[in-house]
2 protein chains.
Amino acid sequence: MENQVTAHEVAKLAGVSQSSVSRVFTKGASVSGKTREKVLKAAEQLGYRPNEYARSLIMRKSSLIGLVMKGVSNPYYPHAVKKFTSELKKLGYSVLLIDTDDIELQMHDIDALLSYHVAGVVIMDATASLQTAEMLKRFRIPAVLFNRVVPGSGLHSVSCENETAAREIARLLIDRGCKSFTYVGGREGASTHIERLKGFTEELENHGFGCQVLPGDFTYGTGYRNGAEMVESGRLTDAVFAVTDIMAYGIFDAFRDRGVRVPEQVKLIGFDDIEMSSWSPYQLSTYAHPVDRMVALSIELLLDPERSHADGEVHYLPGEMKLRGTT
Amino acid sequence: MENQVTAHEVAKLAGVSQSSVSRVFTKGASVSGKTREKVLKAAEQLGYRPNEYARSLIMRKSSLIGLVMKGVSNPYYPHAVKKFTSELKKLGYSVLLIDTDDIELQMHDIDALLSYHVAGVVIMDATASLQTAEMLKRFRIPAVLFNRVVPGSGLHSVSCENETAAREIARLLIDRGCKSFTYVGGREGASTHIERLKGFTEELENHGFGCQVLPGDFTYGTGYRNGAEMVESGRLTDAVFAVTDIMAYGIFDAFRDRGVRVPEQVKLIGFDDIEMSSWSPYQLSTYAHPVDRMVALSIELLLDPERSHADGEVHYLPGEMKLRGTT
DNA sequence: CCCATGTTTGCATACGTATTCATTCCAGCA
DNA sequence: TGCTGGAATGAATACGTATGCAAACATGGG
């Protein structure tokens with residue numbers, strides 16, 4: 001950075017003023033074709049790139065979007081990250097990656113976002129406490145919760161139609177002739193868990209069925225333990241709905257290891273449709289997130305000046321049922 | 001960003017000069033306890049954070065590290081990303097995430113890195129053409145290739161001891177009594193592929209064995225197809241070494257689907273030790289990357305001013321064999 | 001009490017760019 | 001040719017911070 005090529009040097013070489021150089025690189029500015037050409041040639045020769053720091057400083061506008069990830073527990077998120085980065089790149093934004101260790105977006109992480117005055121924040125696979133939400137509002141940083149809803153936070157949320165999908169899943173399993181049901185959940189308090197649980201159990205109730213609810217945490221290991229326990233304690237049901245594909249794999253493997261056959265003895269269905277679900281040992285039936293549309297909507301909410309600072313909108317987008325071998 | 005709290009406002013509230021405010025937030029600067037306290041109180045009250053743009057501009061030094069990812073094909077990388085972000089955070093750096101679609105780091109992506117004059121670049125799961133390497137050198141951006149080596153690029157490389165590990169794997173399989181061998185590879189030209197292939201076949205040769213080499217691309221699907229073809233064409237061997245865990249899964253599943261038993265009929269071993277390898281359906285024997293040490297060394301290479309701009313160092317770190325159920 | 005020494009402090013400036021404002025340029029027309 | 005109005009240009013300034021410099025201040029020894 002010490003030997004940075006500046007607009008002044010380009011200007012000198014091109015025989016114009018620094019202003020003209022700037023105008024060439026600022027879209028919508030008025031420059032004659034002649035000088036534009038001279039400037040571009042000089043810039044090319046020197047390898048000039050406008051300095052983003054100076055640019056963001058003077059324009060009082062950041063070209064960074066903060067992307068908050070919790071971890072690597074679920075392969076579903078890296079996929080969404082990829083989509084975000086490539087879409088944002090098209091719009092001229094770069095991505096500042098924040099990796100929280102905690103379930104919640106921490107104050108410490110907020111610091112980085114504030115120092116760069118990011119144009120917006122996407123919070124994935126993590127949640128924001130009301131205090132954190134307040135902080136974001138206070139500093140007028142547009143934020144959207146991706147795949148999470150935090151009631152009362154006033155933050156935008158973009159989620160899958162969890163409840164509706166869970167109802168659909170319930171009906172599907174009933175149609176398949178199942179009479180007893182189990183729901184294996186995610187972390188207590190996670191909106192995806194709550195909404196899917198609600199839709200599933202309510203719809204079952206509507207049809208006169210009950211549901212065994214087992215606690216979980218979105219991990220394979222816990223899925224496995226739950227599956228093992230179901231078999232060993234004799235509490236196996238005709239159908240199992242796992243809050244997440246990853247958990248479904250664990251359950252599936254626990255069943256298989258104990259000689260329980262899927263889908264003959266038990267029907268199993270997950271949620272997410274990550275790549276692995278189509279792999280041979282699983283062939284898991286599941287409900288696919290509309291990732292692309294979720295990403296597009298998130299970006300829209302962040303960057304539209306009309307909506308970014310307005311009250312939090314909560315969106316539930318419809319996904320698609322993917323029926324494979326486990327139902 | 002329009003209503004940014006500046007050091008001037010803090011200064012006014014605290015009754016000191018802007019310089020003093022700056023000094024409080026610049027470590028190593030000389031401030032009295034009294035003013036420090038006044039400033040911190042005022043800053044807290046106003047929610048002041050130093051503006052990174054102004055700071056990076058005046059200091060001519062970026063606090064960003066570029067992290068280049070190719071995609072989401074291999075769960076091994078997200079794990080490393082997490083390690084990078086958390087380690088860099090400790091050192092006061094933030095992460096600029098670049099997502100290349102291509103196998104190579106593209107010029108277009110370089111632009112973002114240059115605009116922010118990043119303090120360094122980590123290139124993961126992708127490679128850099130000689131032209132790109134030249135570009136990085138020209139702009140004096142320290143770079144390290146993570147898990148890749150590009151001879152002649154002059155870039156630092158931090159990799160696993162691929163060749164040595166592959167030899168070890170060969171000896172292990174020989175010890176297990178295997179007489180015929182297959183290597184299922186990765187993308188042509190990828191250094192991990194080349195090095196593991198070399199170590200494996202050479203060591204086998206040393207013991208008087210040949211090796212069937214099948215082409216691959218690091219994906220599950222290709223692993224599966226290779227596995228299927230081996231069975232169906234009758235070219236099954238006593239042992240199979242897959243360049244990557246992901247590919248090993250595909251091979252394993254193809255075998256299983258066709259009634260070939262692992263490890264009784266075929267011994268199978270992968271490379272990476274991603275989380276899934278310990279899952280019940282696979283229990284894959286594999287060789288674990290020393291991720292933590294690889295990350296630490298990468299950061300060291302980037303940030304040590306003595307080494308960051310020096311000629312590219314190529315490091316191979318030893319990992320650890322993980323023997324599970326497939327050998 | 002005074003001077004010497006070291007520590008704090010404020011002023012002014014610079015980082016590289018976008019943009020306002022005044023000036024110059026130039027095409028088009030009478 | 002002389003005018004006019006719009007387009008293009010350059011000079012100057014501002015963004016928010018770190019830092020060199022000189023002035024102010026504190027401290028302690030004689």
Side-chain angles (χ1 to χ4, degrees), chain A residues 1-40 42-43 46-64 92 111 114-119 139, chain B residues 1-40 42-43 46-64 92 111 114-119 139:
Chain A
M1 187 136 172
E2 52 281 356
N3 51 354
Q4 146 101 308
V5 179
T6 74
H8 282 102
E9 303 175 42
V10 176
K12 197 191 293 181
L13 180 61
V16 299
S17 72
Q18 178 267 326
S19 316
S20 293
V21 175
S22 168
R23 280 190 259 260
V24 170
F25 289 91
T26 313
K27 78 170 221 168
S30 151
V31 214
S32 73
K34 203 148 210 135
T35 57
R36 153 165 281 118
E37 207 166 320
K38 281 192 292 184
V39 166
L40 285 177
L46 297 177
Y48 170 76
R49 257 103 183 154
N51 181 319
E52 257 310 311
Y53 299 110
R55 180 180 272 235
S56 292
L57 183 60
I58 188 72
M59 295 181 72
R60 308 170 127 227
K61 167 164 181 352
S62 172
S63 298
L64 289 174
D111 272 354
L114 290 178
S115 298
Y116 285 98
H117 283 85
V118 292
F139 287 97
Chain B
M1 189 136 170
E2 52 281 357
N3 52 356
Q4 146 103 309
V5 179
T6 74
H8 281 101
E9 303 175 43
V10 176
K12 197 191 295 180
L13 180 59
V16 299
S17 73
Q18 177 266 326
S19 319
S20 293
V21 175
S22 168
R23 281 189 258 260
V24 169
F25 288 91
T26 312
K27 79 168 217 168
S30 152
V31 214
S32 73
K34 204 149 206 132
T35 55
R36 155 164 281 121
E37 208 166 318
K38 281 193 293 185
V39 167
L40 285 178
L46 297 177
Y48 169 77
R49 257 99 181 158
N51 181 318
E52 261 303 319
Y53 299 109
R55 182 181 271 236
S56 292
L57 182 59
I58 187 73
M59 294 182 73
R60 309 171 126 228
K61 165 162 182 353
S62 172
S63 299
L64 289 174
D111 272 353
L114 290 178
S115 298
Y116 285 98
H117 284 85
V118 291
F139 288 98

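Note: hydrogens, waters and symmetry copies are ignored here, and every other heavy atom, side chains too, is used. Letters go in sequence order (proteins before strands), and every chain restarts at 1.
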Protein-nucleotide distance (A/Y53, atom OH; C/dA14, atom C1'), rounded to Å: 18 Å

Distance-only side-chain donor-acceptor flag, B/S62 / A/Y53, under 3.5 Å: yes

Residues in contact with DNA chain D, drawn from residues 7-16 of chain A - heavy-atom cutoff 4.0 Å: A/V16

Distance, rounded to the nearest Å, where A/R55 contributes CZ and D/dA14 contributes C1': 17 Å

Distance-minimising heavy-atom pair for A/L46 and A/V5: O-CG2, 3.5 Å

base_contact_polar (D/dG16 base, B/R49 side chain, donor-acceptor, <3.5 Å): no

Sidechain-backbone polar pair: A/S115 side chain, A/D111 backbone, donor-acceptor under 3.5 Å: yes

Sugar-phosphate, base or nothing in reach of A/S20, heavy atoms under 4.0 Å: sugar-phosphate

d(CZ, A/R60; P, D/dA14) in whole Å: 12 Å

DNA chain D: 5'-proximal contact among A/Q18 and A/M59 (nearest heavy atom): A/Q18

Minimum heavy-atom distance between A/R23 and A/S30, given as atom pair plus value: CD-O, 3.7 Å

Closest heavy-atom pair and its distance - A/Q4, A/E9: O-OE2, 3.3 Å

A/L57 CG to C/dC15 P, straight-line distance once rounded to whole Å: 14 Å

Close residues, residues 26-36 of chain B, relative to DNA chain D [heavy-atom separation under 4.0 Å]: B/T26

Side chain to side chain contact (heavy atoms under 4.5 Å, CB included), paired with B/V39, selected from B/V16, B/L13, B/V31: B/V16

Whole angstrom value for the distance that separates P of C/dA14 from CD1 of A/I58: 17 Å

Polar pair under 3.5 Å, donor/acceptor by atom type, side chain B/S19, base D/dT19: yes

Nearest listed nucleotide, side chain of B/T6, among C/dT17, C/dA18, D/dT17: D/dT17

Whole angstrom value for the distance that separates P of C/dC15 from CG of A/N51: 12 Å

Length of the CG-P vector between A/L114 and D/dT17, whole Å: 13 Å

Straight-line distance of B/K61 NZ to B/H117 NE2, nearest 0.5 Å: 13.5 Å

Whole-Å distance separating the NZ atom of A/K61 from the P atom of D/dG16: 16 Å

Spatial distance of atom NE2 (B/H8) from atom OG (B/S17) [nearest 0.5 Å]: 8.5 Å

B/Y48 side chain to B/T6 backbone, donor-acceptor under 3.5 Å: no

